[in-house]
2 protein chains.
Amino acid sequence: MFSPELKKGSMELLILSMLDQAERHGYEIGKLIETRSRGLLEFRISTLYSVLYRMEDNGWIRGRWVEKEGQRSRCYYRLTAAGRKVLKAQHENWREFVGIINELIGPSHA
Amino acid sequence: MFSPELKKGSMELLILSMLDQAERHGYEIGKLIETRSRGLLEFRISTLYSVLYRMEDNGWIRGRWVEKEGQRSRCYYRLTAAGRKVLKAQHENWREFVGIINELIGPSHA
DNA sequence: GTAGATATATCATCACGCGAAATATCACGT
DNA sequence: ACGTGATATTTCGCGTGATGATATATCTAC
């Protein structure tokens with residue numbers, strides 16, 4: 001749907017936003033992005049996990065393994081204090097970026 | 001200023017937009033992006049040229065060498081018919097993409 | 001005469017999303 | 001009992017493309 005390059009850079013912001021609302025596991029985040037965007041935005045599940053691992057290394061999120069009866073083990077991630085700061089910064093960053101690009105490309109002349 | 005990943009994917013749209021208004025050469029496009037974004041958005045000049053070459057290979061733009069007295073030779077690029085279509089498509093694509101991301105990340109809670 | 005802006009070109013490097021494959025459990029239909 | 005598909009995580013090689021460094025050349029201004 002969207003150019004692969006366009007999706008890059010929004011991945012972290014997207015994941016951080018998902019985790020701002022609730023503790024979630026990887027697969028859940030993937031499905032959430034897919035359904036909430038009505039199938040228009042779909043990140044590969046492998047990408048999702050690699051970003052999660054990277055963000056955990058960065059100390060933005062922390063995973064917690066949960067084993068429930070009759071369920072495959074899941075790793076639930078939540079934002080750390082640092083992650084919350086990064087989310088805020090990336091959110092503002094995104095808005096400013098979009099503003100500038102929109103300014104530069106002007107209105108579409110359909 | 002902005003994450004390098006965020007800039008990826010907006011480069012082509014940006015250049016195509018610049019060339020929609022007038023025939024321009026590479027260095028000029030770079031300066032234009034820099035000044036119009038008040039220095040916030042700055043693409044490497046090397047990146048700019050590599051994107052220009054790629055877009056010319058794709059047939060989206062066409063370069064024309066101009067040699068003026070007392071000036072270094074410049075290559076002026078203009079949009080082709082195909083490039084105009086790509087610009088329109090990428091423009092719509094950008095707007096839709098931004099809409100979806102904004103929907104997913106929600107309003108900032110500053 | 002040299003420093004800095006203008007202007008283009010090339011190439012190695014690196015980050016990162018992607019595709020593919022492996023592993024494991026549960027639900028459902030037959 | 002068996003297969004299929006959804007759920008769930010992991011790993012790794014690949015390809016794309018922005019970046020940084022470097023080279024070259026001309027003009028202006030001090």
Side-chain angles (χ1 to χ4, degrees), chain A residues 1-16 18 23-35 39 41-58 60-77 90 97 101, chain B residues 1-16 18 23-35 39 41-58 60-77 90 97 101:
Chain A
M1 178 64 218
F2 298 109
S3 92
E5 293 310 318
L6 213 50
K7 295 200 287 185
K8 293 185 185 183
S10 59
M11 190 78 187
E12 289 179 356
L13 173 57
L14 226 42
I15 293 179
L16 289 171
M18 302 279 121
E23 184 182 54
R24 299 185 199 280
H25 59 92
Y27 192 83
E28 187 186 358
I29 296 173
K31 286 291 151 187
L32 215 54
I33 291 177
E34 205 183 322
T35 56
L41 201 61
E42 194 184 343
F43 287 98
R44 298 294 114 200
I45 192 67
S46 56
T47 304
L48 200 52
Y49 282 107
S50 69
V51 176
L52 283 172
Y53 302 150
R54 192 173 71 227
M55 294 202 304
E56 192 170 27
D57 283 343
N58 291 344
W60 302 352
I61 61 176
R62 194 167 46 248
R64 184 173 67 92
W65 280 96
V66 176
E67 299 183 44
K68 259 196 241 169
E69 284 285 321
Q71 255 186 357
R72 199 192 183 305
S73 291
R74 297 161 168 175
C75 187
Y76 284 87
Y77 292 96
Q90 286 208 8
F97 178 72
I101 296 293
Chain B
M1 178 65 218
F2 298 108
S3 92
E5 294 308 319
L6 213 51
K7 295 200 284 187
K8 292 186 185 183
S10 60
M11 191 77 188
E12 290 179 356
L13 173 58
L14 225 43
I15 294 179
L16 289 171
M18 301 279 121
E23 185 182 55
R24 300 184 196 280
H25 60 91
Y27 192 82
E28 186 185 359
I29 296 173
K31 286 291 153 190
L32 214 55
I33 291 177
E34 204 181 324
T35 57
L41 201 60
E42 194 184 343
F43 287 96
R44 299 292 115 203
I45 193 68
S46 56
T47 303
L48 201 51
Y49 283 109
S50 68
V51 177
L52 283 172
Y53 302 150
R54 191 174 70 230
M55 294 202 302
E56 191 170 28
D57 283 343
N58 291 344
W60 302 353
I61 62 176
R62 195 167 45 248
R64 186 173 65 93
W65 280 96
V66 176
E67 299 183 43
K68 260 196 239 169
E69 285 283 323
Q71 254 185 356
R72 201 196 182 300
S73 291
R74 297 161 168 176
C75 188
Y76 284 87
Y77 292 97
Q90 286 208 9
F97 177 72
I101 297 292

| Salt bridge B:Glu67-B:Arg72, side-chain N to carboxylate O under 4.0 Å |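 No, this pair does not count.
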| Where do B:Ile15 and B:Leu52 come nearest, in terms of heavy atoms and distance? |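 For B:Ile15 versus B:Leu52, the nearest heavy atoms are CG2-CD2, 3.8 Å.
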To the nearest angstrom, how far is [X] atom [atom1] from [N] atom [atom2]?
X       : N      : atom1 : atom2 : answer
B:Tyr53 : D:dG17 : OH    : P     : 17 Å
B:Leu48 : D:dA21 : CG    : C1'   : 17 Å
B:Leu52 : D:dG17 : CG    : C1'   : 14 Å
B:Glu42 : D:dA18 : CD    : C1'   : 14 Å
A:Leu6  : C:dC18 : CG    : C1'   : 16 Å
A:Arg24 : D:dT7  : CZ    : C1'   : 17 Å
B:Leu41 : D:dA18 : CG    : P     : 13 Å
B:Tyr76 : C:dT6  : OH    : P     : 13 Å

Any donor and acceptor pair, going by atom type alone, linking the side chain of [X] with main-chain N or O of [Y] inside 3.5 Å?
X       : Y       : value
A:Arg62 : A:Glu56 : no
A:Thr47 : A:Phe43 : no
A:Glu34 : A:Leu41 : no
A:Lys31 : A:Gly26 : no
B:Lys7  : A:Gly9  : no

| query | Quick one: CE on A:Met11 to CZ on A:Arg44, what's the gap to the nearest 0.5 Å? | reply |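 The CZ atom of A:Arg44 is 10.5 Å from CE of A:Met11, to the nearest 0.5 Å.
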| Approximate separation, where rounding is to 0.5 Å, of A:Tyr77 OH and A:Glu23 CD |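 It comes to 11.5 Å.
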| query | Within the structure, does a side-chain N or O atom of A:Tyr49 lie under 4.0 Å from either OP1 or OP2 of D:dT11? | reply |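 For A:Tyr49, the contact criterion (side-chain N or O under 4.0 Å from OP1 or OP2 of D:dT11) is not met.
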Check the interface with nucleotides 23-30 of chain D: list each N/O to N/O pair with the protein under 3.5 Å, or write none.
{"residue": "D:dC27", "atom": "OP1", "partner": "B:Gln71", "partner atom": "N", "Å": "3.3"}

What N/O pairs connect the protein and nucleotides 11-17 of chain C at under 3.5 Å? Give each pair on its own line.
{"residue": "C:dG17", "atom": "OP2", "partner": "A:Arg54", "partner atom": "NH1", "Å": "3.3"}

